[in-house]
Novice: 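Have a look at the structure that comes next, please.
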Amino acid sequence: MQLKYTNKINKIRTFALSLVFIGIAIMYIGIFFKTSVLLMTIFMLIGFLATIASAVVYFWIGMLSTRAIQVVCPNCEKPTKVLGRVDACMHCKQPLTMDPNLDGKEFDEKYNVKRAQKKTQ
């Protein structure tokens, strides 16, 4: 069984999109509490905050995306953005690396974490 890897930028964008839907769902649940103004207000505020958090995440990933290195995928030959030492193609999910030391090794997303841990030591 081969694991399907996903691009980090797409993962974060999917999270931000889910925050929008979760926020709207929470606000919708608040409608059921029309009799209790306090409870309805709490649900509306929590939903609104989730929606605002989504905007913040979209802004953050947009800033990260501008700094990502753009490469051409060797598999599908489409341009894709790579964050960190290892990532996957946005189109075909092909594992990619920017580190020549990792070329030919088994793809593992932990390679990005290990580098961050070395910097703190």
Side-chain angles (χ1 to χ4, degrees):
M1 183 178 124
Q2 183 181 1
L3 293 172
K4 279 291 187 181
Y5 304 106
T6 56
N7 184 271
K8 288 183 211 111
I9 293 174
N10 287 346
K11 280 183 190 177
I12 298 171
R13 285 180 181 157
T14 302
F15 172 70
L17 181 64
S18 65
L19 271 178
V20 170
F21 288 120
I22 290 169
I24 291 171
I26 291 171
M27 287 189 278
Y28 186 74
I29 291 170
I31 293 173
F32 293 114
F33 297 103
K34 287 183 205 174
T35 56
S36 173
V37 176
L38 179 66
L39 213 51
M40 185 178 82
T41 305
I42 289 172
F43 275 99
M44 292 292 177
L45 284 175
I46 291 172
F48 177 71
L49 290 176
T51 308
I52 294 300
S54 168
V56 170
V57 171
Y58 270 121
F59 179 76
W60 173 67
I61 194 59
M63 293 284 97
L64 265 178
S65 181
T66 60
R67 290 188 282 146
I69 298 169
Q70 192 168 6
V71 298
V72 175
C73 176
N75 190 31
C76 66
E77 297 181 355
K78 293 180 182 176
T80 186
K81 293 184 177 182
V82 176
L83 281 178
R85 293 171 73 193
V86 294
D87 205 350
C89 176
M90 290 180 167
H91 309 285
C92 68
K93 313 278 192 271
Q94 171 74 29
L96 302 170
T97 182
M98 295 300 296
D99 190 350
N101 297 330
L102 299 176
D103 200 23
K105 290 187 179 179
E106 185 68 30
F107 183 81
D108 192 357
E109 292 180 351
K110 293 179 183 173
Y111 288 130
N112 292 326
V113 177
K114 288 181 182 179
R115 187 172 183 194
Q117 288 175 351
K118 284 182 182 179
K119 285 183 179 179
T120 58
Q121 291 176 349

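Since the model is a prediction, treat every value here as computed from it, not as a measurement.
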Novice: By the ring-ring contact (aromatic ring centres under 6.0 Å, His included) test, which pairs, at least two apart or in different chains, include something from residues 39-80?
Specialist: Phe33-Phe43

Novice: If two hydrophobic side chains count as joined below 4.5 Å and joins carry through other members, does Val57 share a cluster with Ile46?
Specialist: no

Novice: Can you name the nearest heavy-atom pair linking Met44 to Met27, along with the distance?
Specialist: CE-O, 3.3 Å

Novice: Taking Ile52 as the starting point, is it possible to reach Ile22 by hopping between hydrophobic residues whose side chains are less than 4.5 Å apart?
Specialist: no

Novice: To the closest 0.5 Å, what do you measure between CG (Leu83) and CD1 (Ile9)?
Specialist: 4.0 Å

Novice: Could you check whether atom CD1 of Ile69 has more than 12 heavy atoms from other residues, nucleotides or ligands sitting under 6.0 Å from it?
Specialist: no

Novice: Please check if the side chain of Thr80 supplies one atom and the backbone of Cys73 the other of a donor-acceptor pair under 3.5 Å.
Specialist: no

Novice: Distance-only, no hydrogens or angles: does the Asn7 side chain make a donor-acceptor pair with backbone N or O of Cys89 under 3.5 Å?
Specialist: no

Novice: Please determine whether the number of non-hydrogen atoms from other residues, nucleotides or ligands lying under 6.0 Å from atom CD of Gln70 exceeds 12.
Specialist: yes

Novice: Is a side-chain donor or acceptor of Ser54 paired with a backbone partner of Ala16 at a separation under 3.5 angstrom?
Specialist: yes

Novice: Out of curiosity, does Ile42 fall in the hydrophobic cluster containing Ile29 (side-chain heavy atoms, cut-off under 4.5 Å, transitive links)?
Specialist: yes

Novice: With rounding to the nearest 0.5 angstrom, report the CZ to NZ distance, Arg13 to Lys8.
Specialist: 14.0 Å

Novice: With a 4.5 Å cut-off on side-chain heavy-atom distances among I, L, V, M, F, W and Y, is there a chain of contacts connecting Leu49 to Leu38?
Specialist: no

Novice: Got a second to check how far Met40's CE is from Leu45's CG, nearest 0.5 Å?
Specialist: 10.0 Å

Novice: Considering residues at least two apart in sequence or located in another chain, which fulfil the side chain to side chain donor-acceptor pair (under 3.5 Å) criterion with Ser36?
Specialist: none

Novice: Taking the side chain from Ser65 and the backbone from Gly62, do they hold a donor-acceptor pair closer than 3.5 Å?
Specialist: no

Novice: Restricting to non-hydrogen atoms, name the atom on Val71 and the atom on Val82 that form the minimum distance, rounded to 0.1 Å.
Specialist: CG2-CG2, 3.6 Å

Novice: Would you say Met63 and Ile61 are hydrophobically clustered, going by side-chain heavy atoms of ILVMFWY under 4.5 Å?
Specialist: no

Novice: Hey, does the side chain of Asn75 reach the backbone of Cys92 with a donor-acceptor pair shorter than 3.5 angstrom?
Specialist: no

